[in-house]
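In this chain, residues are counted from 1 in sequence order. No hydrogens, no waters, no symmetry mates; every other heavy atom, side chains included, goes into these values.
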Amino acid sequence: MSEQTSVETVSVDAVRRSLDGCLRMPVFRRSPKLAAFLGYIVEEELAGRGEAIKAYTIATQALGRADSFDPSNDPSVRVEAGRLRRVLDEVYAEEGRTLPVRILVPVGAYRPFFETQPGEARPRDIPPRLVTADEAFRVEPARQVPAAPAIPAAIPAAIPARGPAPVLQGSSSPTSTLFESRGQAVLAVLLMLIVVLLTIQIALQIYLIART
């Protein structure tokens with residue numbers, strides 16, 4: 001794709017953030033030559049000079065080779081380009097998956113290609129999201145709030161005794177306190193009489209048995 005570029009469809013800021021993320025990876029920090037190679041071709045593409053990226057310019061401006069460099073006799077740029085492709089594949093297979101843009105260097109060319117990563121939508125391609133009627137009137141269920149722990153009731157302090165309470169006029173008598181109604185009082189008296197009669201009868205029977 002020597003005549004194509006993807007800068008027009010990808011945010012320049014996203015490309016630079018991805019470039020910076022790649023250069024911070026350990027594999028690029030261990031290889032200054034690959035880091036210089038990648039940084040050069042990406043910045044040249046972003047500056048609109050992608051068509052000028054050749055083996056000679058890479059060697060003399062990125063890799064520190066002399067102006068006498070001859071790409072037809074020295075395959076070092078092609079070798080470094082192959083290493084760069086493999087390293088980029090490794091980066092984007094692991095930590096680079098979180099970067100917004102994938103930087104590609106097609107085989108047989110040095111001009112980079114930029115591809116938006118999944119989850120990083122292009123700014124001008126994001127359609128406005130319409131809110132449906134169901135979403136507009138949807139009522140969120142109330143969250144259950146855990147009940148507060150029960151607070152034990154305060155125990156009243158013991159009141160010191162101050163002697164018998166005075167009897168007030170009109171207060172109920174002990175009998176009325178023991179029996180809530182007159183019927184209960186009568187029933188209690190009858191039960192007591194029955195017990196007395198039974199006791200007398202048993203005593204008489206014992207006396208008669210003793211006489212015989």
Suppose the criterion is side-chain hydrogen bond (donor to acceptor under 3.5 Å, both in side chains): which pairs have a residue in residues 86-97, not counting sequence neighbours? Asp89-Arg102

Where do Ser18 and Leu99 come nearest, in terms of heavy atoms and distance? O-CD1, 3.7 Å

Residues Arg17 and Pro100: closest non-hydrogen pair is NH1-CG, 3.6 Å

If you measure from CZ on Arg78 to OH on Tyr110, what distance do you get to the nearest 0.5 Å? 6.0 Å

What's the shortest heavy-atom distance between Ile103 and Leu88, and which atoms? O-CD1, 3.5 Å

Atom CD1 of Ile41 and atom CG of Leu46: how far apart are they, to the nearest 0.5 Å? 10.5 Å

Could you walk me through whether Val87 and Leu38 pass side-chain contact (heavy atoms from CB on, under 4.5 Å), step by step? CA-CA 11 Å; Val87 169; Leu38 179 64; over 6 Å; no

Distance from Leu104 atom CG to Leu84 atom CG, nearest 0.5 Å? 10.5 Å

Throw together a table of side-chain donor-acceptor distances under 3.5 angstrom for residues 20-34, partners on residues two or more places apart or in other chains.
unit_1, atom_1, unit_2, atom_2, d
Asp20, OD2, Arg24, NE, 2.7
Ser31, OG, Leu34, N, 3.4

When you check the side-chain N and O atoms of Ser76 and Arg65, is any donor under 3.5 Å from an acceptor? yes

Do Val77 and Val107 share a hydrophobic cluster, counting only Ile, Leu, Val, Met, Phe, Trp and Tyr and linking them when any side-chain heavy atoms are less than 4.5 Å apart? no

Run Phe113 and Glu45 through side-chain contact (heavy atoms from CB on, under 4.5 Å) and show every step you take. CA-CA 9 Å; Phe113 176 78; Glu45 183 67 36; over 6 Å; no

Would you call Glu43-Arg16 a salt bridge at under 4.0 Å N-O? yes

Approximate separation, where rounding is to 0.5 Å, of Leu63 CG and Phe37 CZ: 6.5 Å

side-chain contact (heavy atoms from CB on, under 4.5 Å) evaluation trace for Asp67 with Tyr56: CA-CA 8 Å; Asp67 293 342; Tyr56 179 81; 3.7 Å; yes

OH-CD1 distance between Tyr40 and Ile53, expressed to the nearest 0.5 angstrom: 6.5 Å

Roughly how far, to the nearest 0.5 Å, is the CE atom of Met192 from the CG atom of Leu197? 12.0 Å

With distance as the sole criterion, is a donor-acceptor pair present between the side chains of Asp70 and Ser72 under 3.5 Å? yes

